[in-house]
Peer 1: 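I have a structure I would like to understand better, so I am pasting it below and will then ask my questions one at a time.
Worth saying up front: this structure is predicted, and the values here are computed from it rather than measured. Chain letters run A, B, ... following the sequence lines, proteins first, then strands; residues in each count from 1.
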2 protein chains.
Amino acid sequence: MIRRKTDHTDIAEGPGPKRKRASRAGNLAEHVYTSLRRAIIEQALAPGTKLPEDSVGTSFGVSRTVVRSAIVRLVAEGLVVQQPNMRATVASPSLEEARAIFRVRRGLERMVLEELMSRLEPSHFAKLRAHVTSEEKAKRHAEPESIRLSGEFHLLLAQFTGNELLIRFVSEVVSRGSLILALYGRPHSSECAVNEHLALIEALEHGDLTEAARLMDEHLVAVATRGLLDTDIKRERSLQDILSAYRPAGEA
Amino acid sequence: MIRRKTDHTDIAEGPGPKRKRASRAGNLAEHVYTSLRRAIIEQALAPGTKLPEDSVGTSFGVSRTVVRSAIVRLVAEGLVVQQPNMRATVASPSLEEARAIFRVRRGLERMVLEELMSRLEPSHFAKLRAHVTSEEKAKRHAEPESIRLSGEFHLLLAQFTGNELLIRFVSEVVSRGSLILALYGRPHSSECAVNEHLALIEALEHGDLTEAARLMDEHLVAVATRGLLDTDIKRERSLQDILSAYRPAGEA
DNA sequence: CAGATCAAAACTGTATACATTAATTTTAAG
DNA sequence: CTTAAAATTAATGTATACAGTTTTGATCTG
């Protein structure tokens, strides 16, 4: 664990003068935020994992300032918790909290369906079906990927409403839902979800709001209950190790 | 508008050594966040007002670091908007956005009522009635105060659910609702709200969920439509001037 | 060897410095 | 005069320094 201040050289450094703008600058906080978020949702960072500002900073090659602002955001959306002078940690919701979150989620997704009616076009259905296809494809591979995609299906629906606030709220409950499944979910819990997504799409195509709402509700109850027994919490790993996979955000 | 870097002496300064811990330290960001939030909700900071980090900082006697983190939070909850390298400004939602927000709010408050049924106790009703009383009292005085109290009634209901997430979401839509009324609301628009609050309480006391839901819906529609014509936007004032009233958060 | 004690190390909270980018004003040209 | 370009000022993005707090770990005691 020797992480002296000298080794932030791995990204933004070098003798050359033109280093610096790894991602065109001005975006570092956003990038760290996004990466941490993904890492949490994909279960790479298990609930309870400590997030010391400078360790995270060195992982991404940025200063604490940047990490700090990312963490403030994550705390604001409940993915990370933090007490006054103490290290931030990945949230680890209790069963009670988990249930409360899923209740809110059910309400929000009902709203999504209501907003969606009479707004859905053929192109939307195409996208939904395409997404389900990729869900099916991922099902056989990685579990975290599968959970993430399953959540993104719901996010996609929300996005079709065009209601910014609703999108953000759904996005939050979906994220936290993933976190919860990571905590309490038993493996393969996302398997059957694909069929349920398909059934939902069909109800929407028929313009049957009540049926869609019923299916959605059933689906969410299923997702919520499917998981809540097995408390097989994930084992430890090095923070540096985990985050190294989330560093190179895309461009050279 | 001479606010040179030298005049942050107005608050945290002085020859005495023991200044510094105005509120026991560790809380500055929280305090600035809360204060700005209140200032926005009470219409002291009109939509569109610029919030340069160091001006705000000098107003509160803190550094940009602190202000920055407060602003990140406000941006996260939509009360403030900010583009990459540009000054943050108090959000100024369009009519379209305003309507979208109120739609979400209606859904959320319906959820509140559902969670509330069979959970309400006599003490709750007492508190609700007490709150309405103070609403009535404030009605004759300041308009901003009145708007704030009206919002807090809804927040109170949400708090009785004990559902943390729901509370936060309601809190956000209520805040933004206040902001919207500040922007588009005509004066005295909150007057009739008091009666509507009372009617709602009674329906709840009778355990009549559907009636309560109907009243709530009606109420919110009324609040939303009551305001949306007059575009009498507030005139300019000095930022320093406005914020000076939000400084001394309470303790000595 | 368990448990308390205290010092070192690790972190957070906050301020400040500096590089960059946006806003504004000045200057110059048409 | 009006408008465009350049220079100035203001504000943000990021890193770093330092004070104060928590955590860790080592040492001492029963």
Peer 1: Report the distance from atom NE2 of B:His31 to atom C1' of C:dT14, rounded to the nearest whole Å.
Peer 2: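 Atom NE2 in B:His31 sits about 16 Å away from atom C1' in C:dT14.
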Peer 1: How many Å lie between CZ on A:Phe60 and P on D:dA15, as a whole number?
Peer 2: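 Value for this atom pair: 13 Å.
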Peer 1: Separation of B:Arg64 atom CZ from C:dC18 atom C1', in whole Å?
Peer 2: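 Result: 11 Å.
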Peer 1: To the nearest Å, give me how far apart CG (A:Asn85) and C1' (D:dT22) are.
Peer 2: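 Interatomic distance, CG of A:Asn85 to C1' of D:dT22: 7 Å.
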Peer 1: Indicate every side-chain donor-acceptor pair of residues 69-77 of chain B with a distance under 3.5 Å to a residue at least two apart or in another chain.
Peer 2:
from: B:Arg73; atom 1: NH1; to: B:Glu30; atom 2: OE1; distance (Å): 2.9
from: B:Glu77; atom 1: OE1; to: B:Arg37; atom 2: NE; distance (Å): 3.4
from: B:Glu77; atom 1: OE2; to: B:Tyr33; atom 2: OH; distance (Å): 2.2

Peer 1: Nearest to the A:Val62 side chain among D:dA15, C:dT24, C:dA15, which nucleotide is it?
Peer 2: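 Nearest to the side chain of A:Val62 among the choices is D:dA15.
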Peer 1: Could you tell me whether the side chain of A:Ser178 reaches within less than 4.5 Å of the side chain of A:Arg148, counting heavy atoms only?
Peer 2: no
Peer 1: Would you mind telling me which of D:dT16, D:dA11, C:dT16 lies closest to the side-chain atoms of B:Ser63?
Peer 2: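 Given the options D:dT16, D:dA11, C:dT16, the side chain of B:Ser63 is closest to C:dT16.
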Peer 1: Can A:Glu172 and A:Ser175 be said to form a side chain to side chain donor-acceptor pair (under 3.5 Å), step by step?
Peer 2: CA-CA 5 Å; A:Glu172 179 171 334; A:Ser175 308; over 6 Å; no
Peer 1: Whole-Å distance between C:dT21 C1' and B:Gln83 CD?
Peer 2: 14 Å
Peer 1: Can you tell me which nucleotide in D:dT24, C:dT14, D:dT12 comes closest to the side chain of B:Asp54?
Peer 2: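 For B:Asp54, the side-chain atoms sit closest to D:dT12.
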Peer 1: For A:Arg64, enumerate each residue passing the side chain to side chain contact (heavy atoms under 4.5 Å, CB included) test, keeping only those at least two apart in sequence or located in another chain.
Peer 2: A:Glu53, A:Asp54, A:Arg68
Peer 1: A:Lys50 NZ to D:dT23 C1': how many Å, rounded?
Peer 2: 10 Å
Peer 1: Using whole Å, report how far CE of A:Met86 lies from P of D:dT22.
Peer 2: 8 Å
Peer 1: Could you please name the option among C:dT14, D:dA11, D:dA15 that lies closest to any side-chain atom of B:Pro52?
Peer 2: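 Nearest to the side-chain atoms of B:Pro52, counting from C-beta on, is D:dA11.
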Peer 1: What is the distance from CD of A:Glu53 to P of C:dA9, rounded to the nearest Å?
Peer 2: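 In whole Å, C:dA9 P and A:Glu53 CD are 21 Å from each other.
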